[in-house]
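Not measured: the values here are computed from a predicted model. We use all heavy atoms of the structure for the numbers below, so side chains are in, but hydrogens, waters and symmetry mates are not.
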Amino acid sequence: METTSTAEKKEEIKQKPLLGVTVHVDCVLLVITACSFLTRLWRLEEPRSIVFDEVHFGRFTGYYLQNVFFFDLHPPLGKLLLAAAGYVAGFQGNFQFTSIGQEYPCDGDIPIWHLRLIPALFGALLCPVIYQIFVTLGFNYWTATLAASLVVFDNALLTQSRFILIDSMLLFFCVLSIYSLVRFRRLKDRAFSKEWWGCLCMLGVSITCAISVKYAGIFTVFIVGLVLLYDYWQLIGDQTKSARTLWHHLLSYFGILVVLPIMLYLAIFYVNLQVLYKSGPHDDRMTSAFQASLEGGLSKITKGQPLEVAFGSQITLRHTHGSHPCWLHSHKHIYPIRYSDGRGSSAQQQVTCYSFKDINNWWIVKNPNHTNIQVSDPPEVIHDGDIIQLIHGMTGRTLNSHDVAAPVTPQMMEVTCYIDYNISHAAQNLWKVEIVNADIEGDTWQAIKSQVRLVHVNTSCALKVSGAQLPDWGFYQFEVGSDRIVNQDANIWNVEEHKYTRFGDDKDGDISDSLQQPDEEQTYTTGSNHHLGFLDKFLELQWRMLAANQEVHQEHRYSSEPLEWLLMQRGIAYWMNPTNNAQIHFLGNPVIWWSSSISLVIYILILCVFVVRWCRQCEDLSTDEWDRFLLAGVLFGGGWLANYLPYFLMERTLFLHHYLPAYICKIALLPVTLQLIYLHVLRSQIQRSLFTSLLAVWFTTVIMVFYQFTPFSYGHYSLSDEGIESRRWMDTWGFLIHSQLHV
């Protein structure tokens, strides 16, 4: 018998191929992935009209392809990916995305399928990544299948993935970050192996991409950071690890999860700024130095202008750091004798900050010790600490301030152009030039480059834009005053346009005549190349973007509050067919949405019960099971909290789609809760069989409701008025009915 057995084994060895590959195919994963791609890509070109924020992101894509600078409050990665798709598809960026509902041309000028393909691919890839997260965490395949299926059959995730939007990219990179973290944690016993380094690098790249699409990605990064911090704390307590090993881990984390993301983030912005090198429609949001670094626009206007400001210079003064660009301005109108609150004014000439370029923005810098307002030869350059007067070019009156309360902000002093009424109200028109960035640009006052404060000599108050708008008598321009608090960004200015004052042979010429002369080469041009380095441009753009995120205050019919998101009380109308009831309406699958909200409460209750029983030494779960469910609670429950709670602190207009990162975490927690109930709450086989039957009915309902609401996701056919009303499960759902819009 032994001889026969040995012979058989040798025969088996002989029959094995020299080169063989064993492939394990997860058929369930393939089916789920196929369903995900099918639902996202089906009829992707429909509707052939601009849907919701395609009006913005489509326009941004055109700007990229034409190298035109624009400003947006979101980081550039998502928009760069859309632009790359447009470039590959041959889009020239010449289509004007004007308004929601605008028809796309049928001549192929705009590759709508290719532009929508990128968000659809990211949306489709969400499902297999969710599946892999559950498998990697150690949940059974039924739970992983259910989690991925819920993502496939949710209408909100479907809708947001089918149009030229960037939310699906954000969701994908957030979910990929969680998957990378879970895989990385499983390799803790194989530290510094190739696979360990690979997962750590994938984690660093994915969290960078999440933040680089939308800043909301930082909330997921926060959860990832907490888990890694806990793991490292546990590592410190492991006495088998040497101090050297701990340092190696710490330096690895710092290099891959801090240094690498910073470098990648900078690289993304570098590409963005290299592509957008031409002057564009949003230049005014940036400082003069930033604008002058772009091709065309301000750089064309200021080309060849004098660099150094001298006595006799004609200048426009731009408010440097304001969220609303404006220039120091005056006109012949005076302040009203008495304001609406009963306070009196000086009735002097108004000084404001005007949001548009205008000839009344021009001022002449005068030496207080001389009557001449021409530039001398050589020019008498102004330095940090010099005393000047500013003469308004069109009216010839000097910039003045005095101990009279400003019209809207009485804490500040009034700033005027002085009118001599021949009363005991002497002019106080001397201003000290303080160059804020003298340590960088030098102590000579330079156009574009120097940032200055103008400090009133008599009162030691600085010229400031309060940010308040004047009433109708001030033409709703921004209020200018002088403030005792000198060190603040609101009182920093810079010279934008600049030329030297000349009257030709007639030295007594009218000041306004010099402003109205045609531009010609300046006699005293020093020449300047207003080059702004990448880091300076990056820091300015970053600051403007973060500030703009807090300034989105606009009333919108479909805006909503965070509390309304829990039960999906208000959706968003994305698009409406102009002739029938076909429409795109952003709304989730109600069964999934409401069930996942309930599962949050159930998970917390079960967890609390298990904690109490554990304290009483009742071991309901093994150590591995306890760790698995607790980690899932941190990643999904904690992810929901981290992506949801911050919106209660935001004073900006919010919409239901802001809830999607929190929502996908909530969806993931639902299968976790169901497996917890099935394995550790239900004790008998009868209970589990009944529970399985109820789950089957529930999941069937999920699919049926998904199908019922697909007309609002695809907009592929028109529902009847009755069909729309039958789907209005809540009175607050704002579905549109064509016949009622035109009554």
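Between Val634 and Ile223, the shortest heavy-atom distance links the atoms O-CG2, 3.9 Å. Closest non-hydrogen pair, Gly123 versus Ser36, comes out as O-OG, 4.1 Å. Between Pro128 and Thr33, the closest heavy-atom pair is CB-OG1, 3.6 Å. The heavy-atom pair separating Leu73 from Tyr215 by the smallest distance is O-CE1, 3.8 Å. Residues Leu65 and Ala83 share a closest heavy-atom pair of CD2-O, 3.6 Å. Shown here for Trp733 and Met568, the closest heavy-atom pair between the two residues is NE1-O, 2.7 Å.
Residues Tyr104 and Phe95 place their aromatic rings such that the two centres sit under 6.0 Å apart. Ring centers of Phe91 and Tyr64: at least 6.0 Å apart, outside the cut-off. Trp593 has its ring centre less than 6.0 Å from the ring centre of Tyr659. If you look at His716 and Trp42, their ring centroids are closer than 6.0 Å.
Side-chain atoms of Tyr663 and Trp565, non-hydrogen and from C-beta on, never get closer than 4.5 Å to each other. Looking at Leu171 and Gln160, their side chains never come closer than 4.5 Å, going by heavy atoms from C-beta outward. Here the side chains of Thr143 and Asn140 are in contact, with some heavy-atom distance below 4.5 Å. A heavy-atom distance below 4.5 Å is found between the side chains of Leu563 and Phe648. In this structure, Ile207 and Thr220 have side chains that are not in contact, with every pair of non-hydrogen atoms separated by 4.5 Å or more. Here the side chains of Pro119 and Leu82 are in contact, with some heavy-atom distance below 4.5 Å. Side-chain atoms of Leu670 and Ser595, non-hydrogen and from C-beta on, do get closer than 4.5 Å to each other. Looking only at side-chain heavy atoms (C-beta outward), Leu695 and Tyr678 stay at 4.5 Å or farther from each other.
Using a 30° and 60° split on the angle between ring planes, Tyr574 and Phe586 fall in the parallel class, below 30°. The aromatic rings of Trp594 and Trp729 are tilted relative to each other, their planes meeting at an angle between 30° and 60°. Ring pair Phe139/Phe629 is perpendicular by interplanar angle, where above 60° counts as perpendicular and below 30° as parallel.
Side chain of Arg162 to main chain of Arg43: a donor-acceptor pair is present (N/O by atom type, distance under 3.5 Å, no hydrogens or angles). Between the side chain of Lys79 and the backbone N or O of His74 there is at least one donor-acceptor pair closer than 3.5 Å. Panel note: side chain Glu564, backbone Ser560; no donor-acceptor pair is recorded below 3.5 Å. Tyr644 places a side-chain N or O within 3.5 Å of a backbone atom of Pro562 that can act as its donor or acceptor partner. With Asn581 contributing its side chain and Ile737 its backbone, the two residues share no donor-acceptor pair below 3.5 Å. Proximity of a side-chain donor or acceptor of Ser559 to a complementary backbone N or O of Thr653 within less than 3.5 Å is not detected. Although no hydrogens or angles enter the test, the distance criterion places a donor-acceptor pair under 3.5 Å between the side chain of Thr61 and the main chain of Phe57. No donor-acceptor pair closer than 3.5 Å links the side chain of Trp575 to the backbone N or O of Ile50. A side-chain donor-acceptor contact under 3.5 Å links Glu54 to the backbone of Ile164. Looking at Arg40, its side chain never comes within 3.5 Å of a backbone N or O of Ala120 through a donor-acceptor pair.
Taken to the nearest 0.5 Å, the CG atom of Leu669 stands 5.5 Å off from the CG atom of Leu600.
Side-chain polar atoms of Asp26 and Tyr131 form a donor-acceptor pair below 3.5 angstrom.
By the 4.0 Å N-to-carboxylate-O rule, Glu625 lies too far from Arg628 to be salt-bridged with it.
With Tyr558 as the aromatic partner, Arg570 does not meet the cation-pi criteria of under 6.0 angstrom to the ring centre and within 45 degrees of the ring axis.
Heavy atoms of other residues, nucleotides or ligands lying less than 6.0 angstrom from OH of Tyr87 number 12 at most. Counting non-hydrogen atoms of neighbouring residues, nucleotides and ligands closer than 6.0 angstrom, the OH atom of Tyr141 reaches no more than 12 such neighbours. Applying the 6.0 Å contact sphere to CZ of Arg186 captures no more than 12 heavy atoms from other residues, nucleotides or ligands.
The one candidate from Leu77, Leu121, Val213 that meets the side chain to side chain contact (heavy atoms under 4.5 Å, CB included) condition with Met169 is Val213.
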Test ring pair (Phe, Tyr, Trp, His ring centres under 6.0 Å) applied to Phe173 and Phe122, step by step
CA-CA 9 Å; Phe173 287 121; Phe122 280 103; 5.5 Å; yes
